[in-house]
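Comments concern the structure below.
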Amino acid sequence: MLRTARGERSMVDVAAAAGLSAETLRKIETGRAPTPAFFTVAALAGALGLSLDEVATPATPPGAATESAVA
């Protein structure tokens with residue numbers, strides 16, 4: 001998802017805009033950092049123009065309870 005959202009922008013440009021190293025972004029994109037910190041995800045979302053909802057939806061396991069389902 002991040003790779004698609006990055007589009008033609010270089011990994012270095014997106015990482016710099018998010019305040020991360022290109023290596024950190026590379027690890028996240030390739031799955032070598034399977035659980036990045038919330039603030040890392042938030043910074044990437046901001047740099048890519050994504051909402052946190054857009055980022056969280058693909059990461060939510062099927063059948064997981066949502067806030068509205070719990071209430």
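Residues L50 and M1 approach most closely at CD1-CE, 4.3 Å, considering heavy atoms. Nearest approach of P36 to A33, heavy atoms of both residues: CD-O, 3.4 Å.
Scored by the side chain to side chain contact (heavy atoms under 4.5 Å, CB included) test, F38 finds A42, L52 as partners (sequence neighbours excluded). Under the rule for a side chain to side chain contact (heavy atoms under 4.5 Å, CB included), T35 has no partner lying at least two apart in sequence or in another chain.
Residue pairs meeting the salt bridge (charged side-chain N to carboxylate O under 4.0 Å, His left out) criterion with at least one member in residues 4-21, sequence neighbours excluded, are R6-E29.
The CZ atom of R3 sits 11.0 Å away from the CG atom of L48 when rounded to the nearest 0.5 Å.
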Side-chain donor/acceptor pairs under 3.5 Å, residues 16-23, sequence neighbours excluded:
unit_1	atom_1	unit_2	atom_2	d
S21	OG	T24	N	3.0
S21	OG	T24	OG1	2.9
E23	OE1	R26	NH1	2.8
E23	OE2	R32	NH2	3.3

